[in-house]
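Excluded from the calculations below are hydrogen atoms, water molecules and symmetry mates; all remaining heavy atoms, backbone and side chain alike, are included. Along the sequence shown, the residues carry numbers beginning at 1.
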Amino acid sequence: MGVVLRNLQKVVPLRRARLRRDVETLRHILGIHKFDLGIICVDNRRMQRINHIYRKKNMPTDVLSFPFYEDLRPGKLPCPLHRDELNLGDIFLGVEFVMQQCQEESLDLHGVLTVVTAHGICHLLGYRHETQEEWTEMLQRESYILSEYNRLTGRHLEPLTKRCSQDR
């Protein structure tokens, strides 16, 4: 099983090989290699349209996740009955939105894309942040994932903690 990585935007130069490698590392950490995963990189216009349609928020955002398994308990892997159910879902990365954040805060684009992708994968695995308790649980999981990622790669990524107050 694998990762389908599509770049549907032309605003931000993107190193797809690096993003793919980072996603594979995240999948290894989470033990989800047997599941397919879609990563779609989009610009602000497309992200705003998707956010408006599915969340009724008429603005771009950094990440939107569309899980294959709707009612998954946080931290529990799905138990597919058929081979075609070996799918976690799709993650839309708002690459232009992320780039604007990186420019404002002097952050590395690919590092932040990895952090945002980890957040999106957490959503595919049943994590939510609609309450403070859910947020705390999700932040702990993201922190663990990124600490393992850092251990394996020698990088120094951390979760984006602003998300709690911004309802994304």
Do any N or O atoms from the side chain of Glu134 and from the backbone of Glu130 form a donor-acceptor pair under 3.5 angstrom? yes

Evaluate the side-chain proximity of Gln103 to Met99: yes if any heavy-atom separation is below 4.5 Å, no if none is. yes

Polar contact flag, side-chain donor to acceptor under 3.5 angstrom, Asp22-Tyr149: yes

Rounded to the nearest 0.5 Å, what's the gap from CG on Leu37 to CG on Leu86? Could you check? 13.0 Å

Applying side-chain contact (heavy atoms from CB on, under 4.5 Å) to Thr61 and Gln48, what does each step give before you reach the verdict? CA-CA 7 Å; Thr61 189; Gln48 180 172 339; over 6 Å; no

Check: Thr117 and Ile39 side chains under 4.5 Å, non-hydrogen atoms: yes

Any side-chain heavy atom of Asn44 sitting closer than 4.5 Å to one from Gln100? yes

Is it the case that one hydrophobic cluster holds both Leu14 and Val42, taking links as side-chain heavy atoms less than 4.5 Å apart, direct or via other members? no

Under the side chain to side chain donor-acceptor pair (under 3.5 Å) criterion, do Asn150 and Glu158 qualify, and how do the steps go? CA-CA 9 Å; Asn150 293 339; Glu158 296 178 357; over 6 Å; no

Note: Ile91 and Ser65 closest approach over all heavy atoms is CG1-OG, 4.0 Å

What are the two closest heavy atoms between Leu8 and Arg46, and how far apart are they? CD1-NH1, 3.3 Å

If you take all heavy atoms of Met59 and Asn51, which pair is closest and at what distance? O-ND2, 2.8 Å

Looking at Asp108 and Arg15, is any side-chain nitrogen of the basic one under 4.0 Å from a carboxylate oxygen of the acidic one? no

Determine the interplanar angle of the His129 and His119 rings, folded into 0 to 90°, and report it as parallel if under 30°, tilted if 30 to 60°, perpendicular if over 60°. tilted

Lys56 to Ile53 - nearest heavy-atom pair and separation: NZ-O, 3.1 Å

What is the ring orientation for Phe66 with Phe92, classed by angle as parallel under 30°, tilted 30 to 60°, or perpendicular over 60°? perpendicular

pair Val116-Leu93: side-chain heavy atoms closer than 4.5 Å: yes

Shortest non-hydrogen contact from Pro159 to Leu139? CB-CD1, 3.5 Å

Arg128 CZ: over 12 foreign heavy atoms closer than 6.0 Å: yes

To the nearest 0.5 angstrom, please state how far the CD atom of Glu137 sits from the OH atom of Tyr127. 5.5 Å

Start with the C-alpha gap between Cys122 and Leu30, add the side-chain angles, then the distance that decides, and say whether side-chain contact (heavy atoms from CB on, under 4.5 Å) holds. CA-CA 10 Å; Cys122 284; Leu30 291 163; 5.9 Å; no

Flag the pair Glu24 and Arg21 as a salt bridge only when some basic side-chain nitrogen lies within less than 4.0 angstrom of an acidic carboxylate oxygen. no

Side chains of Gln9 and Asn7, donor plus acceptor under 3.5 Å: yes

Looking at side-chain heavy atoms only, is the closest gap between Lys10 and Asp43 below 4.5 Å? no

Establish whether Val11 and Val98 are linked, either directly or via other cluster members, by ILVMFWY side-chain heavy-atom contacts under 4.5 Å. yes

Reported CG-to-CZ distance for the pair Leu77 and Phe35, which is rounded to 0.5 angstrom: 5.5 Å

Quick check: do Gln140 and Tyr144 have side-chain heavy atoms less than 4.5 Å from each other? no

Is Arg6 reaching over with its side chain to a backbone N or O of Ile40, donor-acceptor style, under 3.5 angstrom? no

Nearest 0.5 Å, what's the SG-NE2 distance between Cys102 and His110? 10.0 Å

Does Glu148 use its side chain to pair, donor to acceptor, with the backbone of Ile145 at less than 3.5 Å? no

Inter-residue atom distance Glu142.CD - Leu157.CG, 0.5 Å rounding: 11.5 Å

Using a 4.5 Å cut-off on heavy atoms from C-beta on, say whether the side chain of Met47 contacts that of Leu64. yes

Shortest non-hydrogen contact from Cys41 toward Val95: CB-CG2, 3.4 Å

Arg55 CZ to Ile50 CD1 distance, which is reported to the nearest 0.5 Å: 12.0 Å

